[in-house]
Amino acid sequence: MPELPEVETVKRGLNKLIVGKTITNISFDWPKSFPNSQDDIASFAYGAKVINVRRRAKVLMIDLSTKYTFVIHLKMTGQLVYVGAQKNKNTTKNRFGAGHPNDSLIGQLPDKSTRVITTFNDGSVLYFNDQRKFGWMKFMPTAEVKTLPFFVKVGPEPLEDTFSADLLNKRLLKRPNTTIKAALLDQSVLAGIGNIYADESLFGANIHPASTVKKVPKKHINKLHKEIIDVLNLSIQKGGSTDKNYVNAEGKKGSYITFAKVFRKEGKPCINNCGNIIIKTKVAGRGTHICIQCQKKYV
DNA sequence: CACTTGACCTGTCCGC
DNA sequence: TGCGGACAGGTCAAGT
């Protein structure tokens with residue numbers, strides 16, 4: 001589920017909501033979601049203050065004053081939802097944002113998907129929910145985070161200034177013989193792109209997702225570079241994509257999906273008015289949305 | 001080594 | 001309505 005724009009949105013929300021708060025209790029009962037021992041938590045989290053919330057690729061990090069960090073991956077269906085003390089005392093009443101009755105997927109928490117409950121000194125609560133249990137949290141010294149295998153190999157951040165078209169080209173050529181979609185989804189090539197934004201950016205760049213990386217002309221890689229940045233920025237502006245489960249730190253949906261040009265648009269006319277219908281097929285083992293008229297296949 | 005496929009889980013939707 | 005199977009936004013291990 002959450003890709004870079006969704007995780008970035010959660011990060012920004014949490015930075016507004018939990019920085020400065022002190023952790024008083026954490027409860028959890030699914031070791032694959034959160035493998036740490038209660039002893040670790042009690043020693044280094046209870047009484048600790050939240051200093052900062054960071055993001056790298058699709059991973060969130062919550063840094064504590066004890067120089068310990070929660071490292072969190074939401075995978076497909078993870079959610080981090082903050083509920084203020086006042087709201088938490090109520091039940092489901094007033095849990096839907098004023099004037100937006102349908103912008104939330106969250107009912108009363110905790111629910112059956114809740115894996116970890118973090119309580120703060122003011123009575124507010126952060127829920128880690130994850131229906132499919134693919135997501136995880138790890139609690140470790142802040143200094144050790146960068147030694148995690150994922151962080152050692154992960155590629156550059158596409159929204160940093162140093163991300164140039166030449167850099168994209170160089171990174172993609174780490175996987176010269178695979179499909180360009182598989183390369184974009186490979187987090188060691190580039191950080192943060194998932195299935196939605198791979199399809200959207202490849203459509204914008206007129207590249208068929210099954211094109212072989214090394215066969216795609218540099219001119220089109222340049223276009224892809226621009227599309228990646230534009231698509232990610234637009235999605236962040238819209239609060240990310242909510243297809244099924246994703247909500248931000250306040251439990252609210254993102255609206256990017258209504259701006260998507262191909263993702264989940266199978267059977268609909270291509271937005272370029274080329275006369276073709278968007279089809280859904282499978283590339284790199286993933287559902288893939290394409291206009292075969294507008295997206296050229298380089299093989 | 002490079003690349004692809006299956007596994008991890010639960011829930012939902014679709015066809016019979 | 002019930003049931004089986006396919007599928008869902010991510011990543012790693014195992015397989016080719």
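First the proteins, then the strands, lettered A, B, ... as listed; each starts at 1.
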Note to self: Quick test of your reading of the model: are A:Lys265 and A:Asp199 salt-bridged, counting only N-O distances below 4.0 Å?
What the structure shows: no
Checklist line | A:Lys75 side-chain N/O to C:dT11 phosphate OP1/OP2 under 4.0 Å | finding: no
Please table the atom pairs, donor to acceptor, closer than 3.5 Å between any side-chain atom in residues 143-157 of chain A and protein atoms at least two apart or in another chain.
| residue | atom | partner | partner atom | Å |
| --- | --- | --- | --- | --- |
| A:Thr147 | OG1 | A:Glu144 | O | 2.6 |
| A:Glu157 | OE1 | A:Arg55 | NH1 | 2.9 |
| A:Glu157 | OE1 | A:Arg55 | NH2 | 3.1 |
| A:Glu157 | OE2 | A:Arg56 | NH1 | 2.9 |
| A:Glu157 | OE2 | A:Ala57 | N | 2.6 |

Margin query: Regarding A:Gly285, tell me which of base, sugar-phosphate or nothing describes its non-hydrogen contacts under 4.0 Å with the strands shown.
Written below: nothing
Next item on the list: Return one dot-bracket line describing DNA chain B 5' to 3' (Watson-Crick or G-U wobble pairs, both distances under 3.5 Å; ( ) same strand, [ ] crossing, | another strand, . none).
Entry: .|||||||.|||||||
Next item on the list: Within residues 28-36 of chain A, find the residues that approach DNA chain C with a heavy atom at under 4.0 Å, and present them sorted by residue number.
Entry: none
Notebook entry, point to check: Mind checking whether A:Val283 and A:Ile228 sit in one hydrophobic cluster, side chains of I, L, V, M, F, W, Y counted as touching below 4.5 Å?
Noted result: no
Next item on the list: On DNA chain C, check which nucleotide each of A:Lys282 and A:His73 is closest to and give me the residue with the more 5' one.
Entry: A:Lys282
Notebook entry, point to check: Using a heavy-atom cut-off of 4.0 Å to chain A, what are the terminal contacting nucleotides of DNA chain B, in 5' to 3' order?
Noted result: B:dC3 to B:dG11
Item checked: Neighbour count above 12 (heavy atom, 6.0 Å) for A:Lys261 NZ -> no
Next item on the list: Please list, by residue number, the residues of residues 202-214 of chain A whose heavy atoms come closer than 4.0 Å to an atom of DNA chain C; answer none if no residue qualifies.
Entry: none
Item checked: Aromatic A:Trp136 / basic A:Lys32 pairing, under 6.0 angstrom, 45° off normal -> no
Margin query: Taking any heavy-atom pair under 4.0 Å as a contact, classify A:Arg115: base, sugar-phosphate, or nothing.
Written below: nothing
Checklist line | Ring-ring centroid check A:Phe139 A:Tyr68, cutoff 6.0 Å | finding: yes
Margin query: What contact category does A:Asn177 fall into here, base, sugar-phosphate, or nothing, at under 4.0 angstrom with non-hydrogen atoms?
Written below: sugar-phosphate
Margin query: Taking only side-chain N and O atoms of A:Lys244, does any of them lie within less than 4.0 angstrom of OP1 or OP2 on C:dG9?
Written below: no
Margin query: For a quick check of understanding: with a heavy-atom distance under 4.0 Å over all strands, which category does A:Phe150 fall into, base, sugar-phosphate or nothing?
Written below: sugar-phosphate
Check: Stacking between A:Tyr246 and the base of C:dG9 (centre distance under 5.5 Å, interplanar angle under 30°)?
Finding: no
Item checked: Atom NZ of A:Lys218 with >12 non-hydrogen neighbours under 6.0 angstrom -> yes
Next item on the list: Rounded off to whole Å, could you give me the CG-to-C1' distance for the A:Leu4 and C:dG9 pair?
Entry: 13 Å
Note to self: Does a side-chain N or O of A:Arg286 approach OP1 or OP2 of C:dC7 to a distance below 4.0 Å, or not?
What the structure shows: no
Notebook entry, point to check: To the nearest 0.5 Å, how far apart are CG in A:Asn222 and CD in A:Glu227?
Noted result: 12.0 Å
Checklist line | Distance test, side-chain N/O of A:Lys153 to OP1/OP2 of C:dT11, below 4.0 Å | finding: no
Notebook entry, point to check: What does A:Gly135 touch in the nucleic acid at a heavy-atom separation under 4.0 angstrom: a base, only the sugar-phosphate, or nothing?
Noted result: nothing
Check: Hey, are A:Ser124 and A:Tyr82 close enough side-chain-wise for a donor-acceptor pair under 3.5 Å?
Finding: yes
Check: To the nearest Å, how far apart are A:Lys181 NZ and C:dT11 P?
Finding: 13 Å
Next item on the list: Determine the Euclidean distance between corresponding P atoms of B:dG6 and C:dA6; express it in Å to zero decimal places.
Entry: 12 Å
Please tabulate, for the side chains in residues 201-209 of chain A, all donor-acceptor contacts under 3.5 angstrom to protein atoms that are two or more places apart in sequence or on a different chain.
| residue | atom | partner | partner atom | Å |
| --- | --- | --- | --- | --- |
| A:Ser201 | OG | A:Tyr197 | O | 2.7 |
| A:Ser201 | OG | A:Ala198 | O | 3.3 |
| A:Asn206 | ND2 | A:Cys294 | O | 3.1 |
| A:His208 | ND1 | A:Ala210 | N | 3.0 |

